[in-house]
Amino acid sequence: MQGIFTGGCQCGAVRFRAEKLGRPSICHCRMCQKQFGGFFAPLVTADQAHLTWTRGQPSLYRSSAKVKRGFCGKCGTPLTYQSDEGVELAIGAFDHPELIEPEIQVNYGKRLPWIDHLFEKPQFSSPEHEAKWAAVESYQHPDHDTAEWPPKD
């Protein structure tokens, strides 16, 4: 995928710009589950020559002899998977993650046993629930680049 793709962490301390993306995937390995605190990790390969950190840099944690995991040192947002083969960016960290649909599943044999039925579960919604979340004031960085963050009061 070519184009200009921007993103960053939840608090806005780390931002990036990627102009050439490769294969989007989800990884089911236990290390990715733990890094994301989720059921799998959605990642997309990035061409390092076309990846720029426009604000801050990710902190790194060596999760194995071959892999470093990047995250925001301030808010903890997972950002990267880095190995000798290159870097992958967390799809959820992009400003427009809806443009990056995973194409393959990696480490499929390690997936959680109920993952194939996850979206068959009943949905919950109520007017009270919707009103509660509509009233939340978010301190999250917006899904676009800003000259400075947080904004001055």
Side-chain angles (χ1 to χ4, degrees), residues 1-125 129-130 133 136 138-146 149-150:
M1 291 184 279
Q2 293 199 3
I4 297 174
F5 301 89
T6 59
C9 67
Q10 190 171 23
C11 75
V14 180
R15 296 282 300 162
F16 62 82
R17 174 187 172 116
E19 296 184 35
K20 191 174 181 183
L21 300 176
R23 179 203 70 202
S25 65
I26 60 173
C27 181
H28 293 281
C29 83
R30 187 66 182 132
M31 281 192 281
C32 279
Q33 290 172 3
K34 298 267 298 188
Q35 181 194 20
F36 281 77
F39 308 139
F40 50 78
L43 298 160
V44 61
T45 57
D47 182 333
Q48 289 184 341
H50 297 91
L51 173 62
T52 306
W53 297 99
T54 58
R55 182 182 301 142
Q57 291 277 325
S59 296
L60 296 175
Y61 169 71
R62 182 173 289 283
S63 63
S64 74
K66 296 183 178 195
V67 174
K68 294 178 185 173
R69 311 276 181 158
F71 60 96
C72 173
K74 185 173 179 183
C75 70
T77 300
L79 295 167
T80 67
Y81 169 98
Q82 297 172 300
S83 70
D84 291 342
E85 297 166 6
V87 64
E88 297 188 45
L89 298 169
I91 294 173
F94 281 83
D95 292 337
H96 294 283
E98 72 278 8
L99 300 176
I100 308 169
E101 180 179 350
E103 296 173 0
I104 65 167
Q105 298 181 65
V106 180
N107 294 307
Y108 185 74
K110 303 289 184 183
R111 72 192 184 287
L112 295 170
W114 42 259
I115 198 79
D116 295 338
H117 307 287
L118 181 62
F119 295 103
E120 297 169 7
K121 307 296 183 208
Q123 299 177 23
F124 173 79
S125 184
H129 181 79
E130 297 299 323
W133 289 106
V136 169
S138 175
Y139 299 139
Q140 181 170 292
H141 188 275
D143 285 334
H144 56 79
D145 286 328
T146 58
W149 191 261

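Heads up: numbering here begins at 1 and tracks the sequence. Since we're looking at a predicted model, the values are computed, not measured.
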Next item on the list: Begin with the C-alpha distance, continue with both residues' side-chain angles, and end with the deciding distance and a verdict on side chain to side chain contact (heavy atoms under 4.5 Å, CB included) for Gln82 and Leu60.
Entry: CA-CA 9 Å; Gln82 297 172 300; Leu60 296 175; 2.8 Å; yes
Check: Between OG1 of Thr6 and CZ of Arg17, what distance do you get to the nearest 0.5 Å?
Finding: 8.5 Å
Check: How long is the gap from CD1 on Ile4 to CG on Asp145, to the nearest 0.5 Å?
Finding: 10.0 Å
Item checked: Under 3.5 Å donor-acceptor, Arg30 side chain and Gln33 backbone -> no
Next item on the list: Answer yes or no: is there a donor N or O on one side and an acceptor on the other, between the side chain of Thr77 and the main chain of Cys9, under 3.5 Å?
Entry: no
Checklist line | Side chain to side chain, Arg23 and Val106, heavy atoms closer than 4.5 Å | finding: yes
Check: Can you name the residues that form a side-chain contact (heavy atoms from CB on, under 4.5 Å) with Pro150, not counting sequence neighbours?
Finding: none
Next item on the list: Not counting sequence neighbours, list each pair that qualifies as a salt bridge (charged side-chain N to carboxylate O under 4.0 Å, His left out) and has a residue in residues 91-120.
Entry: Arg15-Asp95, Arg111-Asp116
Checklist line | Nearest atoms (heavy-atom pairs only) where Ile91 meets Pro102 | finding: CD1-CG, 4.2 Å
Check: Can you check whether Phe16 and Phe94 have ring centres sitting under 6.0 Å from each other?
Finding: yes
Next item on the list: Check Cys75 against Gln10 and note the closest heavy-atom contact, atom names and distance.
Entry: SG-N, 3.7 Å
Check: Can you find a heavy atom in the side chain of Arg69 that is under 4.5 Å from one in the side chain of Cys32?
Finding: yes
Check: Under 4.5 Å between any side-chain heavy atoms of Pro122 and Phe124, yes or no?
Finding: no
Item checked: Polar side-chain atom of Ser138 near backbone of Gln140 as donor-acceptor pair, under 3.5 Å -> yes
Item checked: Shortest non-hydrogen separation from Leu79 to Gly8 and the atoms involved -> CD2-C, 4.0 Å
Next item on the list: With rounding to the nearest 0.5 Å, note down the distance linking CZ in Phe36 to CG in Leu43.
Entry: 4.5 Å
Note to self: Any side-chain to backbone donor/acceptor pair from Trp149 onto Cys11? Under 3.5 Å, distance only.
What the structure shows: yes
Notebook entry, point to check: Hey, what do you get for OG1 (Thr45) to OH (Tyr81), rounding to the nearest 0.5 Å?
Noted result: 12.0 Å
Margin query: How close do Cys29 and Asn107 get, counting heavy atoms only, and between which atoms?
Written below: CB-ND2, 3.6 Å
Next item on the list: May I ask you to check whether over 12 heavy atoms, not counting those of Trp133, lie within 6.0 Å of atom CH2?
Entry: no
Notebook entry, point to check: Short question: side chain of Ser64, backbone of Lys66 - any donor-acceptor pair under 3.5 Å?
Noted result: yes
Check: Looking only at heavy atoms, which two atoms of Leu89 and Ala18 are closest? And how far apart?
Finding: CD1-CB, 4.1 Å
Notebook entry, point to check: Can you name the nearest heavy-atom pair linking Ser63 to Met31, along with the distance?
Noted result: O-SD, 3.3 Å
Checklist line | Reported SG-to-CZ distance for the pair Cys72 and Arg55, which is rounded to 0.5 angstrom | finding: 11.0 Å
Note to self: I need the Met1 CE to Ile100 CD1 distance, nearest 0.5 Å.
What the structure shows: 5.0 Å
